[in-house]
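Because only heavy atoms are used, hydrogens play no part in the values below, and waters and symmetry mates are left out as well, while side chains stay in. Residue numbers begin at 1 in each chain, while the letters A, B, ... track the order of the sequences.
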Amino acid sequence: MQQSKICIFAVSNPFVTNITNPSPMSTIAPKYDPRAVEEKWYRFWLEKKLFHSEPDHRKAYTVVIPPPNVTGVLHMGHMLNNTIQDVLVRRARMSGRNACWVPGTDHASIATEAKVVNMLKEQGIDKRTLTREQFMEHAWQWKEEHGGIILKQLRRLGASCDWDRTAFTMDPIRYESVIQVFVDLYNKGLIYRGARMVNWDPKALTAVSDEEVIYKESHSKLFYLRYYIDGTPIAASEQNAVKENEKGSYIIVATTRPETILGDTAVCVHPDDPRYSQLKGCRVIVPAVGRSVPVIMDEYVDREFGTGALKITPAHDINDYNLGLKHQLETIDIFNDNGTLNEKGGSYAGMDRFACRKQIVKDLEEAGLIEKIEDYTNKVGHSERTDAVIEPKLSTQWFLKMTDIAGRALQVVEDDTIRFHPAKFKNTYRHWLENIKDWCISRQLWWGQRIPAYYFEHDGKTCTVVAVTREEALKQARAVSPDLADDKLQQDDDVLDTWFSSWLWPISLFDGIRHPDNEEIRYYYPTDDLITAPDIIFFWVARMIMAGEEYRGQVPFHNVYFTGIVRDKLGCKMSKSLGNSPDPIALIDRYGADGVRMGMLLTAPAGNDLPFDEAICEQGRNFSNKIWNALRLVKGWQVSDEMKQSADNATAVEWIEQRIACVLADIERDFDEYRLSEALMAAYKLIWDDFCSWYLEMIKPAYGSPVDRETYIATLTVFERLMCILHPFMPFVTEEVWHSLRERCDGATIMLQHYPHSVFFDPRTLSEFDTAKDLIAGVRNLRNSKNLPPKEPLQLTLHPTDGSCAAEGRFDGIICKLANLSALKRNADKPEGTVNFMVGTIECYIPLSSKVDTEAELKRLHDELHYAEGFLASVMKKLANEKFINGAPAQVVANERKKQADAESKIAALKNQIEAIGK
RNA sequence: GGGAGCAUAGCUCAGCUGGUUCAGAGCGCAUGCCUUACAAGCAUGAGGUCACAGGUUCGAACCCUGUUGUUCCCACCA
């Protein structure tokens with residue numbers, strides 16, 4: 001295409017240095033290619049340090065990333081979560097806030113240690129042959145080489161994190177913060193050490209917290225075992241539960257874990273159970289083991305379950321443990337840490353617990369000690385990290401007392417100091433906090449913050465001191481035991497639960513634990529929004545709130561946005577093990593980051609699960625392309641300085657400006673309510689429908705004709721504003737288009753433009769256009785149904801039944817253009833030989849050159865009449881009801897009367913038309 | 001076992017204080033179009049007993065009760 005040179009005038013827009021000559025369309029590719037664009041702009045943003053934040057006079061807007069595991073790779077959940085954060089951060093930044101989004105990773109004790117152990121194994125190194133220091137060296141090396149891939153991947157998504165602030169939960173500041181907090185809580189008497197029944201992960205060889213145990217339904221067996229009565233036999237009868245055979249009398253006990261009989265120290269029945277009343281004070285023989293154990297009575301037993309008799313294994317079940325304490329039973333621990341049987345297991349020693357179960361069942365069967373075996377479904381606890389079946393195990397661990405700290409954390413959510421989006425999670429949160437138990441914070445691992453507790457012997461007893469440094473601990477210990485040798489002070493071998501560092505994240509990121517009064521913590525804390533998944537509401541959200549209250553006396557954030565879980569089309573949770581999760585980077589390669597971001601956001605209302613279908617990314621990609629083509633159109637126009645702006649173009653510009661103001665009001669409300677998918681959809685429709693399909697078609701010059709400069713400039717301005725509105729959602733394509741619209745100063749970026757806000761708009765312009773739109777659609781519909789070629793101009797005559805459109809409309813010229821009319825007459829005589837349709841109360845007539853199908857027309861008119869009469873009847877019924885007239889608000893009644901009038905005039909018009917055709 | 005949520009078009013979801021946003025949106029589908037920005041497009045259209053059954057009200061998708069289905073959370077029933 002040839003492009004004529006057009007002289008350029010200076011304009012007063014401060015962001016514009018020059019208005020470019022409209023470029024020939026051929027220089028802009030017809031399809032948008034996200035790859036090069038995305039790479040270019042991300043590099044630009046980084047080079048200009050546009051994501052970096054320092055405290056200044058502006059109001060801060062702070063988000064801390066939920067730190068992904070340092071071992072992790074990006075999955076769809078991260079994509080969703082980080083897209084949402086980026087949208088909020090970018091919008092805040094454009095709205096004049098000093099936005100700071102702090103990235104980082106989590107050291108993830110169990111997961112990372114397992115990875116390192118595996119890596120060592122591949123190299124032929126057994127962890128047990130290494131010292132703690134050697135192991136840590138390997139682990140750190142691994143972390144430096146392979147850790148944090150995920151943060152690099154986030155850049156592809158467009159995440160505007162302040163990378164200069166990238167933190168790690170085990171870097172020096174965070175490490176020291178954790179230790180300091182431990183010492184502080186210990187000194188406050190909130191941390192204690194004790195022997196308790198804990199959830200033991202036999203694979204990771206560590207205790208885990210209650211929250212890290214996942215109960216899964218499993219199909220197992222219920223074994224009914226014979227416990228023979230020790231000593232004087234009791235005769236079997238109808239009234240008791242005693243059975244007899246040639247070997248003697250016995251009772252039956254049901255269990256799902258027959259291998260634990262090796263640790264049985266009692267059998268328990270309900271004190272009021274008549275079937276067992278004769279057994280009071282008796283002893284029974286544990287099958288296969290041959291040990292004699294007492295029959296005890298306790299109301300804990302459910303008489304309905306099994307046989308009503310329960311075997312008690314205090315070392316391997318939390319309830320049995322409690323009963324053991326109450327009845328002073330012996331505790332026999334039969335397992336090693338790795339889940340194999342120890343020497344207490346006798347001939348089973350060394351076997352794995354599950355192999356042992358099989359063997360012991362076989363042995364019991366052979367010995368005739370099994371009454372029967374039933375299928376049974378129950379819930380079995382598995383480790384969240386390793387999926388190993390959790391073994392309740394008695395061990396010495398560190399705990400944090402939760403009751404006090406939890407009360408305050410509940411309060412701030414109850415009174416909406418912290419808002420949950422959606423609010424339904426308040427219930428879940430409340431329920432957990434009201435039933436909270438002490439938090440087991442020690443882990444038998446090396447990768448993590450080592451517990452700063454030190455032990456020494458004094459007067460034959462083990463004493464404990466807790467201090468930030470070894471030197472300090474030694475000083476404290478010597479205060480008790482002045483002659484204590486340095487090497488007699490032993491540090492605890494365990495590390496802290498990973499969440500014990502994550503819970504400090506919003507504070508420790510700004511070094512607010514070590515230096516509570518530093519400038520950064522005072523400026524950035526409390527943070528604003530936390531975006532996370534509901535499955536870590538207890539692990540992380542609740543505990544951060546506790547830490548915030550404890551260490552800042554202030555909530556850590558004001559809003560928590562809970563994302564849904566990303567599922568596949570069939571509704572299954574996406575996971576690596578199922579192999580149903582698409583690779584996010586491959587998706588970005590295919591659809592562009594903007595396309596994927598839009599796809600994720602469109603299907604993700606807060607708190608709702610997200611049934612992810614790759615096809616929706618296509619919609620996002622298509623949208624990018626649509627915008628790109630709008631750019632091609634506008635930049636392809638020749639601009640004339642001689643032409644005056646037409647009245648129609650002036651109207652078009654006025655309308656689109658009003659329309660933007662109107663939609664912006666909706667978008668602002670959506671953001672206030674964290675309804676991001678709705679905000680994006682509103683922007684999508686504003687750009688695609690209002691701007692592209694309506695506005696650009698209104699002002700589009702005829703082929704070969706130029707557009708007047710005034711309209712052209714207004715269009716660029718509108719286009720820019722639309723790009724600003726969309727930028728938080730689709731950062732790359734908007735930056736590219738924004739730069740292509742006008743020549744920019746060096747370093748200019750859409751990222752720092754002001755986010756447009758809604759201004760007053762006149763609803764009359766909008767409703768006038770809605771009528772125009774209906775008229776245009778009516779004509780187009782007629783063309784479609786009558787098979788009229790779009791290129792053939794038509795004449796339209798309007799006849800208002802209520803005088804509403806008598807005057808010439810501002811949109812008449814636009815209607816003619818978009819409906820391809822040669823003439824638009826108002827209030828003229830009804831022409832002969834026309835087809836007609838109604839828009840509201842306006843009768844519309846179009847003369848047809850071809851023959852009109854009278855039959856079909858009549859049928860259509862009769863159908864419409866029938867509907868209108870039915871509608872009128874229902875309105876009249878309402879108006880005839882005195883209670884309605886008296887009870888309903890005046891506005892509602894008036895509205896019904898308007899409906900009545902409109903329906904009546906419409907009916908009259910339809911009758912006229914039918915009559916006219918009939919003639 | 002206890003608790004919470006959800007059920008609206010083929011799919012995913014809006015629908016705020018019961019009445020002018022009242023039955024909506026996007027996608028998909030159908031029909032016709034390669035109309036000089038875009039077929040990754042344009043135009044037009046069809047689609048719903050608002051889960052079911054009662055109740056309150058002049059009036060219910062919306063409030064109440066029950067039923068069914070479904071999802072999630074919590075809990076130590078061997």
Give [X] one of three labels, base, sugar-phosphate or nothing, depending on what nucleic acid heavy atoms sit under 4.0 Å from its own.
{"X": "R783(A)", "value": "nothing"}
{"X": "F223(A)", "value": "nothing"}
{"X": "V301(A)", "value": "base"}
{"X": "E697(A)", "value": "base"}
{"X": "K899(A)", "value": "nothing"}
{"X": "K878(A)", "value": "nothing"}
{"X": "F623(A)", "value": "nothing"}
{"X": "S624(A)", "value": "nothing"}
{"X": "K426(A)", "value": "nothing"}
{"X": "N625(A)", "value": "base"}
{"X": "D302(A)", "value": "base"}
{"X": "N781(A)", "value": "sugar-phosphate"}
{"X": "R621(A)", "value": "base"}
{"X": "K379(A)", "value": "base"}

G-U wobble or Watson-Crick pairing nucleotide for [N] (cut-off 3.5 Å, both distances):
{"N": "C16(B)", "result": "none"}
{"N": "A37(B)", "result": "none"}
{"N": "A7(B)", "result": "U68(B)"}

With a cut-off of less than 4.0 Å, is there a side-chain N or O of [X] near OP1 or OP2 of [N]?
{"X": "R780(A)", "N": "U31(B)", "answer": "no"}
{"X": "Y684(A)", "N": "C27(B)", "answer": "yes"}
{"X": "K626(A)", "N": "C42(B)", "answer": "yes"}
{"X": "Y376(A)", "N": "A78(B)", "answer": "yes"}
{"X": "N622(A)", "N": "G41(B)", "answer": "yes"}
{"X": "T428(A)", "N": "C74(B)", "answer": "no"}
{"X": "K437(A)", "N": "C76(B)", "answer": "yes"}
{"X": "K883(A)", "N": "G59(B)", "answer": "no"}
{"X": "W432(A)", "N": "A4(B)", "answer": "no"}

Looking only at atom types and distance, does a side-chain atom of [X] sit under 3.5 Å from a main-chain N or O of [Y], one as donor and one as acceptor?
{"X": "T313(A)", "Y": "A315(A)", "result": "no"}
{"X": "T265(A)", "Y": "V293(A)", "result": "no"}
{"X": "W628(A)", "Y": "V733(A)", "result": "no"}

Would you compute the distance between atom CZ of R357(A) and atom OG1 of T256(A) and round it to the nearest 0.5 angstrom?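 Interatomic distance, R357(A) CZ to T256(A) OG1, rounded to 0.5 Å: 6.5 Å.
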
Give me the distance, rounded to whole Å, that separates C50(B) from A61(B) when you measure between the C1' atoms they each carry.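 Result for the C1' pair: 5 Å, nearest Å.
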
Span that lies between the P atom of A7(B) and that of U12(B), in whole angstrom: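 Taking atom P in both U12(B) and A7(B), they lie 12 Å apart.
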
Take atom [atom1] of [X] and atom [atom2] of [N], then tell me their distance rounded to the nearest Å.
{"X": "Y695(A)", "N": "A37(B)", "atom1": "OH", "atom2": "P", "value": "16 Å"}
{"X": "K311(A)", "N": "C77(B)", "atom1": "NZ", "atom2": "P", "value": "16 Å"}
{"X": "R303(A)", "N": "A78(B)", "atom1": "CZ", "atom2": "P", "value": "19 Å"}

Give a yes/no verdict on base stacking between C58(B) and F884(A): centres under 5.5 Å, planes within less than 30° of parallel.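 No; centroid distance or tilt outside limits.
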
Check this for me: does the side-chain of N881(A) come within 3.5 Å of the base of C58(B) through a donor and an acceptor?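 Donor-acceptor pair under 3.5 Å: no.
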
Donor/acceptor link under 3.5 angstrom from Y300(A) side chain onto base of C76(B):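 Result: at least one qualifying N/O pair found.
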
Between F671(A) and F729(A), is the gap from one ring center to the other below 6.0 Å?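 Under 6.0 Å, so yes.
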
For Y695(A) and F691(A), take the angle between the two ring planes, folded into 0 to 90°, and tell me which bin it lands in: parallel under 30, tilted 30 to 60, perpendicular over 60.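 Judged by the thresholds at 30° and 60°, the geometry between Y695(A) and F691(A) is parallel.
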
Is G54(B) in the syn range, within 90° of 0, or in the anti range?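 Base orientation relative to the sugar is anti.
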
The single option from D298(A), V301(A), V253(A), V295(A) passing side-chain contact (heavy atoms from CB on, under 4.5 Å) against V269(A):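 Between V269(A) and the candidates, side-chain contact (heavy atoms from CB on, under 4.5 Å) is satisfied uniquely by V295(A).
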
With nearest nucleotides of RNA chain B determined for E618(A) and I885(A) from heavy-atom distances, which residue corresponds to the more 5′ nucleotide?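 Its nearest nucleotide being more 5', the pick is E618(A).
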
